[in-house]
Amino acid sequence: APGLWLEVPEDGALRQIELVRELVTQMHGCGARVGIEHAGERLTEAGGLLEVGLDFVKLDASFVEGLSADNARREHVAGAVRMLHGIGLKVYAEGVTSSDDAEALVGCGLDGLTGPVVPAA
């Protein structure tokens with residue numbers, strides 16, 4: 001399944017870390033990438049998840065909405081991105097609806113965004 005990306009919801013993954021570890025191992029064997037979707041405030045609780053071999057994290061729209069107008073949250077997201085990059089994960093934001101937020105997220109070092117708003121290259 002080259003090119004296949006499998007996303008596991010953050011809440012369920014936090015409750016079933018060993019199952020996620022097994023899933024990651026099996027899916028990597030098929031050439032797929034596995035990540036956490038809808039990540040947000042509980043990301044700091046996800047220490048065990050960050051050691052199971054995930055490939056990426058997708059930050060939830062509710063976590064990144066309004067980021068451009070909130071310097072403290074922007075610094076928090078930038079710090080989380082640095083930490084996640086430091087352990088080899090890609091970081092994406094999902095459901096970005098404002099071009100100002102998109103620009104702020106790019107400034108935080110994210111690897112990509114999903115829309116409906118996507119910044120100009």
Side-chain angles (χ1 to χ4, degrees):
L4 177 66
W5 288 50
L6 178 65
E7 299 174 359
V8 180
E10 179 186 54
D11 187 50
L14 284 169
R15 285 183 273 128
Q16 299 292 332
I17 290 176
E18 287 308 314
L19 287 176
V20 172
R21 184 186 315 274
E22 185 177 327
L23 175 68
V24 168
T25 300
Q26 290 179 9
M27 296 308 293
H28 280 173
C30 298
R33 294 182 176 145
V34 182
I36 298 297
E37 67 175 349
H38 307 308
E41 297 298 331
R42 296 186 65 193
L43 193 57
T44 56
E45 300 172 29
L49 274 180
L50 302 178
E51 300 170 4
V52 300
L54 296 168
D55 300 295
F56 65 92
V57 171
K58 286 179 89 177
L59 301 177
D60 190 71
S62 65
F63 187 65
V64 299
E65 185 177 7
L67 193 75
S68 61
D70 187 335
N71 191 52
R73 281 185 52 228
R74 195 167 48 249
E75 289 299 319
H76 177 72
V77 169
V81 170
R82 285 190 301 274
M83 185 260 312
L84 293 166
H85 281 164
I87 60 172
L89 297 176
K90 298 284 187 185
V91 185
Y92 304 96
E94 57 189 11
V96 180
T97 59
S98 124
S99 58
D100 288 341
D101 286 346
E103 188 175 319
L105 287 161
V106 168
C108 289
L110 270 79
D111 297 292
L113 312 173
T114 66
V117 173
V118 178

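All values reported here derive from a predicted model rather than from experimental measurement.
Closest approach of Gly109 to Val81, counting heavy atoms only: O-CG1, 3.6 Å. Shortest non-hydrogen contact noted between Gly95 and Ala61 is O-CB, 3.7 Å. Shown here for Thr97 and Pro116, the closest heavy-atom pair between the two residues is CG2-CD, 3.9 Å. Taking all atoms of both residues into account, the shortest heavy-atom contact from Ala39 to Val57 is CB-CG1, 3.5 Å.
At a threshold of 4.5 Å between non-hydrogen side-chain atoms, the residues Leu54 and Val20 count as touching. For the pair Leu6/Leu23, a side-chain contact is recorded, criterion being any heavy-atom separation below 4.5 Å from C-beta on. No side-chain heavy atom of Val24 sits under 4.5 Å from any side-chain heavy atom of Val8. Phe63 places a side-chain heavy atom less than 4.5 Å from the side chain of Val77.
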Residues 86-94 side chain polar contacts: donor-acceptor under 3.5 Å, at least two apart:
residue, atom, partner, partner atom, Å
Glu94, OE2, His38, N, 3.2
Glu94, OE2, His38, ND1, 2.7

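Annotation: side chain to side chain donor-acceptor pair (under 3.5 Å) contacts of Ser68 (sequence neighbours excluded): Asp101. Evaluation of the salt bridge (charged side-chain N to carboxylate O under 4.0 Å, His left out) rule for Arg21 yields Glu18 as partners, not counting sequence neighbours. Glu7 meets the salt bridge (charged side-chain N to carboxylate O under 4.0 Å, His left out) test with Lys58; sequence neighbours excluded. In terms of the side chain to side chain donor-acceptor pair (under 3.5 Å) criterion, Asp70 has no residue partners (sequence neighbours excluded). Remark: Glu37 engages no residue in a side chain to side chain donor-acceptor pair (under 3.5 Å) (not counting sequence neighbours). Every residue meeting the side-chain contact (heavy atoms from CB on, under 4.5 Å) condition with Ala78, not counting sequence neighbours, appears here in chain and number order: Arg82, Cys108. Looking at residues two or more places apart in sequence or on another chain, you find no side chain to side chain donor-acceptor pair (under 3.5 Å) involving Arg73. Residues meeting the salt bridge (charged side-chain N to carboxylate O under 4.0 Å, His left out) test with Asp111, sequence neighbours left out: none.
Asp60 and Ser62 share a side-chain donor-acceptor pair at under 3.5 Å.
Residue Ile17 holds its CD1 atom at 14.5 Å from CD of Glu22, rounded to the nearest 0.5 Å.
Leu19 and Ile36 sit in two unconnected hydrophobic clusters of ILVMFWY residues. Membership requires side-chain heavy atoms under 4.5 Å apart, directly or through other members.
Applying the ring pair (Phe, Tyr, Trp, His ring centres under 6.0 Å) test to every pair with at least one member in residues 6-37, sequence neighbours left out, gives no pairs at all.
Partner Val96 forms a side chain to side chain contact (heavy atoms under 4.5 Å, CB included) with one of Leu105, Thr114, Leu59 and no other, that one being Leu105.
Remark: the backbone N or O of Leu67 is paired with a side-chain donor or acceptor of Arg74 at under 3.5 angstrom.
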